[in-house]
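Written out below as structure tokens is the structure these notes cover.
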Amino acid sequence: MLRMSTLFLRTLRDDPADAEVPSHKLLVRAGYVRRIAAGIYSWLPLGVITLRNVERIIREEMDKAGFQEVHFPALLPREAYEATKRWEEYGPSLFRLQDRKGGDYLLGPTHEEMFTLMVKGEYSSYKDLPLTIYQIQTKFRDEARPRSGIIRGREFVMKDSYSFDLTDEGLDISYQKHRDAYISTFDRLHLKYNIVKAVSGAMGGSKSEEFLAPCPTGEDTYVLCPKCGFAANVEAVVTKVTPADASKVPAMEELDTPNTPTIDSLVAILNEKFGGGFTGAATLKNVMLMADNKAISVLVPGDREVDLKRLQAGLAGVEELHTFEEDDFAKFPTLVKGYIGPQDAAKSGITVYADPRVAPGTSWVTGANKLNRHARYVVNGRDFTPDAYIEAAEIREGDACPDCATAVVIDRAIEIGHIFQLGRKYADALGLTVLDQNGKSQVVTMGSYGIGVSRAVAAIAEQSYDQIGLSWPLEVAPAKVHIVATGKEDLPFDTAAEIGAKLEAAGISVMLDDRRDPSAGVKFKDAELIGIPVIIVVGKSLADGNIELRNRKSGEKSEVAVDKAVAAVAALIASLS
RNA sequence: CGGGGCGUAGCGUAGUGGCUAGCGCGCCUGCUUUGGGAGCAGGAGACCGGGAGUUCGAAUCUCCCCGCCCCGACCA
């Protein structure tokens, strides 16, 4: 039983000045965590219990699925990360350090190498597969910008699993098993989430899905089709190409368009010249970018911005991507800023990518590559030809669903889980092979699966808090029942302690507010802030032989006889789980 | 890394060159109070982020550094 008279806890009346998002404010105010440095947090007793509850649920679901827990050090030697070149490739996000002899070490940002090497060290036959192992570990990543409290930290707890199979079919099965285990895990955590198509990112690999918990403070944007259920991270949305018939479009024609370096100014002058009807969507925006110091040109409809994340996802191997700055334009004096068109891109030697919305046969108004001149009836396939098509334009609410063309919904979310098929990349690099039935050496194929454990605590807080504080799901809360004793006599305190003891005897965890000094109001506020799902008040109604039972989330209150308290709590708890 | 904001007691803050740095919460002592963040009285707690400078005098002005937050870039 947690007793507040001695619990190492101090709640705060004011929001911390350095917190912005609700989970961060409330976890600090309610005394769960404290900030130590940017993206680095300490956990106080209530926080530790909550974090352990989340870990326990995850562990139980992993074990139930037949996955086995292992544990690696966080402090790792450089060598393991050399074979996969990640000592270099991970870049500044890797925490590096040296031992007293000058040997290089790192704090593990992720453990693919270690898992692969561990299996390599133990197993060498196809008969040993399939295998899925996992760990719950503290990870370290020197993020350029930690943010949102414990949603994105530099040190965080993660559950990471890896599956090992001989065949692609086996990988599919392992992947599906993990997907199912994640569904039961997140359901038990009472998280609302969507499973969306994702891009594999720097990890490589093919199939990949993310578990996204919808939340206004989330960092990921995803689309959802209300009709067919299509769901994808915007980075993974594939736009349909619908070629147009350009046979009746008049020949390309240059126009005088003085002082129209922006889409808006261009649209205004077009409407003036041709009596209205033009919008940004009729124009073609020719965005210049530097991709690893190589100039590229990207064509998108004028009413859309280039989404750099989506673009980069499609540019394999490109590490650094930014739109042209003044000194980039200086290197290409033939480009007339504000009046660039794709018509003679071939001459300049710049690779032209087109968003699928700029489909073959579509006709556009675009720059004429001369100051104060644009051109209309510029047709893709006739007047210019892109070198390649690539997803580049931003995705918007109402865009057509790639599967069924219904208008999609856009939402923000926190990424709480990511599952993907790694394939043979790591096994190849690290030489993880087994002998097959024919005694032939085969490279193992792997899957990789992660849940942000500390992040899940924040995500649950984000999805369940209200005006007065946190409000945890039953299994996650630091205790199931919060008993508040009020008054100045001993009786309510003794009664509260007795009820607490009986509840604990019945297997129901209890936090008892047995502090004598604070007024009843202070204790009520604290109980609401801390967010334990069931609150019992032992005080005034004791005169009638009753205690008061409250549902933290719904706010419902009822009076219950003291000797019926345990049964009433058990019933309320049953209704909550 | 680019842009913006900020750094004064455990927390939230006031203080734009001039007395011993002020207030609220929290903390300690005493009395009263005790069902919605109590009242009175008395206390403890601050090298004003750090360094250098300007000045008779610096929390306050200048320069450099450090740290924190937000937007973006970045981020299995």
Side-chain angles (χ1 to χ4, degrees), chain A residues 9-21 24-25 28-29 31 34-40 84 86 89-94 108-113 115 139 141-149 151-154 156 158 160-162 198-205 208-210 217 219-220 235 289-290 305 308-309 312-313 319-323 325 415 417-422 425-426 446-452 468-469 484-489 492-493 515-529 535 537-543 547-548 550 557:
Chain A
L9 169 72
R10 186 105 300 150
T11 59
L12 304 176
R13 202 177 285 216
D14 299 307
D15 282 335
D18 59 5
E20 195 85 5
V21 302
H24 187 195
K25 286 182 183 171
V28 171
R29 274 191 59 206
R34 293 288 182 258
R35 191 184 62 73
I36 295 300
I40 303 177
T84 51
R86 287 215 286 188
E89 284 176 4
Y90 223 95
S93 295
L94 195 61
T110 171
H111 282 78
E112 280 82 4
E113 285 84 353
F115 273 85
K139 307 286 188 193
R141 293 183 196 172
D142 193 1
E143 299 275 358
R145 185 153 92 82
R147 69 185 90 179
S148 307
I151 294 174
R152 177 167 221 86
R154 293 192 292 171
F156 55 97
M158 170 170 267
D160 52 329
S161 323
Y162 303 86
V199 292
S200 304
M203 296 301 307
S208 169
E209 290 171 294
E210 288 170 334
T217 49
E219 312 179 80
D220 283 270
E235 295 168 42
L289 300 112
M290 288 303 254
E305 297 299 322
L308 288 177
K309 280 189 181 179
Q312 189 154 14
E319 307 224 328
E320 200 272 329
L321 184 69
H322 67 88
T323 51
E325 287 157 12
E415 179 186 342
H418 196 163
I419 55 178
F420 53 99
Q421 302 195 352
L422 273 182
K425 174 179 170 180
Y426 288 90
M446 295 169 57
S448 163
Y449 317 88
I451 293 177
I468 53 179
V484 177
T486 69
K488 51 187 165 185
E489 308 301 326
F493 288 85
R515 295 174 297 174
R516 292 287 188 138
D517 285 340
S519 65
V522 170
K523 296 182 187 182
F524 294 154
K525 292 285 186 201
D526 275 346
E528 286 149 358
L529 179 62
I535 298 171
V537 181
V538 185
K540 272 195 167 165
S541 47
L542 209 51
I547 53 109
E548 189 181 313
R550 300 183 183 181
K557 303 175 182 180

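Chain letters run A, B, ... following the sequence lines, proteins first, then strands; residues in each count from 1.
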Mate of B/C40 across any strand shown (Watson-Crick or G-U wobble, both atom pairs under 3.5 Å) is B/G30
To the nearest angstrom, the CD-C1' distance between A/Q312 and B/G72 comes to 14 Å
With the side chain defined as heavy atoms from C-beta on, A/R147 is closest, among B/G35, B/G72, B/G37, to B/G72
Separation of B/C74 atom P from A/R141 atom CZ, nearest Å, is 16 Å
Between A/K540 and A/E548, is the salt bridge (Lys or Arg N to Asp or Glu O under 4.0 Å) condition met? List the steps. CA-CA 9 Å; A/K540 272 195 167 165; A/E548 189 181 313; over 6 Å; no
Scanning all shown strands, the Watson-Crick or wobble mate of B/C47 with both distances under 3.5 Å is none
Residues at least two apart in sequence or cross-chain that pass salt bridge (charged side-chain N to carboxylate O under 4.0 Å, His left out) with A/R154, listed by chain then number, are A/D142
When rounded to whole Å, the CZ to C1' distance for the pair A/R145 and B/G4 reads 11 Å
In Watson-Crick or G-U wobble terms, with both distances under 3.5 Å, the base opposite B/C1 is B/G72
Picking from B/A73, B/C68, B/A76, the nucleotide nearest the side-chain atoms of A/H418 would be B/A76
| query | Hey, is the side chain of A/S519 poking within less than 4.0 Å of OP1 or OP2 on B/G37, counting only N and O atoms? | reply | no
Q) Any side-chain donor-acceptor pair under 3.5 Å between A/T84 and A/E113? A) yes
Please work out if A/G450 contacts a base, only the sugar-phosphate, or nothing of the nucleic acid, heavy-atom cut-off 4.0 Å. base
Whole-Å distance, A/E528 CD to B/G36 C1', equals 8 Å
>> I'd like the C1' distance from B/U32 over to B/U20, given in whole Å.
In response: 33 Å
If the P atom of B/C40 is compared with that of B/A52, how far apart are they to the nearest Å?
-> 45 Å
How would you label the contact of A/V537 with the nucleic acid (heavy atoms, under 4.0 Å): base, sugar-phosphate, or nothing?
base
Sorted by position of nearest nucleotide on RNA chain B, 5' first, the leading residue of A/A144 and A/L542 is A/L542
Protein heavy-atom contacts under 4.0 Å, written 5' to 3' over nucleotides 26-33 of chain B as B (base), S (sugar-phosphate only) or - (none), form the string SS------
Check: Looking at A/R86 and A/E112, does any basic side-chain N land under 4.0 Å from a carboxylate oxygen?
Finding: yes
Out of B/A76, B/A38, B/C68, minimum distance to the side chain of A/A38 belongs to B/C68
- Message: Working note: A/F493 + A/V538, criterion side-chain contact (heavy atoms from CB on, under 4.5 Å); need CA distance, chi angles, decisive distance, verdict.
- Response: CA-CA 8 Å; A/F493 288 85; A/V538 185; over 6 Å; no
Original post:
Do A/R515 and A/D526 meet the salt-bridge criterion of a basic N to acidic O distance under 4.0 Å?
Top reply: yes
Exercise for the section: Provide the distance between the two P atoms, one in B/G49 and one in B/A9, to the nearest whole Å. Expected result: 8 Å
The ring-ring contact (aromatic ring centres under 6.0 Å, His included) partners of A/F156 (sequence neighbours excluded) come to none
Under a 3.5 Å limit on both distances, the Watson-Crick or wobble mate of B/A59 is none
task = Determine whether A/D160 and A/Y449 make a side-chain contact, defined as any pair of heavy atoms from C-beta on separated by less than 4.5 Å.
result = no
Exercise. Given the P atoms of B/U60 and B/G18, what is the spacing between them in whole Å?
Worked result: 11 Å
For this session: Assess whether one donor atom and one acceptor atom, taken from the side chain of A/T486 and the base of B/G35, lie less than 3.5 Å apart.
Result: yes
Rounded to whole Å, the CD-C1' distance (A/E143 to B/G72) equals 15 Å
Residues passing the side-chain hydrogen bond (donor to acceptor under 3.5 Å, both in side chains) test with A/S148, sequence neighbours excluded, are none
Which of B/G35, B/A76, B/A73 is nearest the side chain of A/E112? It is B/A76
Residue pair A/L321/A/G39 against RNA chain B: nearer the 5' end by closest nucleotide is A/G39
message = Work out how far the C1' atom of B/G37 is from that of B/G4, and round it to whole angstrom.
response = 35 Å
Sequence neighbours excluded, the answer for salt bridge (charged side-chain N to carboxylate O under 4.0 Å, His left out) partners of A/D220 is none
Against the side chain of A/T110, the closest entry in B/A76, B/A73, B/G35 is B/A76
Item to complete: With heavy atoms under 4.0 Å as the rule, sort A/A19 into base, sugar-phosphate or nothing.
Response: nothing
Rounded to whole Å, CD1 of A/I151 lies from C1' of B/C70 at a distance of 14 Å
_Pairwise C1' distance, B/U13 and B/C56 [rounded to whole Å]_ = 32 Å
Grab the N/O contacts between the protein and nucleotides 10-15 of chain B below 3.5 Å, and write none if there aren't any.
| residue | atom | partner | partner atom | Å |
| --- | --- | --- | --- | --- |
| B/G12 | OP1 | A/A17 | N | 2.9 |

Using a distance-only criterion (donor-acceptor N/O pair, under 3.5 Å, no hydrogens), is the base of B/A76 paired with the side chain of A/R86? no
* Inter-nucleotide P distance (B/G7, B/G50), Å rounded -> 13 Å
C1' atom, B/C64 versus B/G22: distance in rounded Å?
-> 31 Å
Atom CD of A/E20 and atom P of B/C71 are separated, to the nearest Å, by 7 Å
side-chain hydrogen bond (donor to acceptor under 3.5 Å, both in side chains) filter on A/E143, not counting sequence neighbours, yields A/R152
ask   = Base, sugar-phosphate alone, or nothing: which one does A/E219 contact when heavy atoms must sit under 4.0 Å apart?
value = nothing
Picking from B/G35, B/A38, B/G37, the nucleotide nearest the side-chain atoms of A/S541 would be B/G35
So which protein N/O to nucleotides 43-46 of chain B N/O distances come out below 3.5 Å?
none

Applying side-chain hydrogen bond (donor to acceptor under 3.5 Å, both in side chains) to A/T486 and not counting sequence neighbours gives none
When both distances are under 3.5 Å in a Watson-Crick or G-U wobble arrangement, the nucleotide paired with B/A9 is none
A/K139 NZ to B/A76 P, in whole Å, measures 14 Å
Sequence neighbours excluded, the answer for salt bridge (charged side-chain N to carboxylate O under 4.0 Å, His left out) partners of A/D18 is A/R35
request  = Tell me what A/S148 touches on the nucleic acid: a base, only sugar-phosphate, or nothing, going by heavy atoms under 4.0 Å.
outcome  = sugar-phosphate
Next on the checklist: Just to be sure I understand the rule, does A/R35 reach a base, reach only the sugar-phosphate, or reach nothing, if contact means heavy atoms closer than 4.0 Å?
Outcome noted: sugar-phosphate
Taken in chain and number order and not counting sequence neighbours, the residues that satisfy side chain to side chain contact (heavy atoms under 4.5 Å, CB included) with A/P109 are A/Y81, A/Y90, A/L94, A/L106, A/R141
Residue set satisfying salt bridge (charged side-chain N to carboxylate O under 4.0 Å, His left out) with A/K525, at least two apart, ordered chain then number -> none
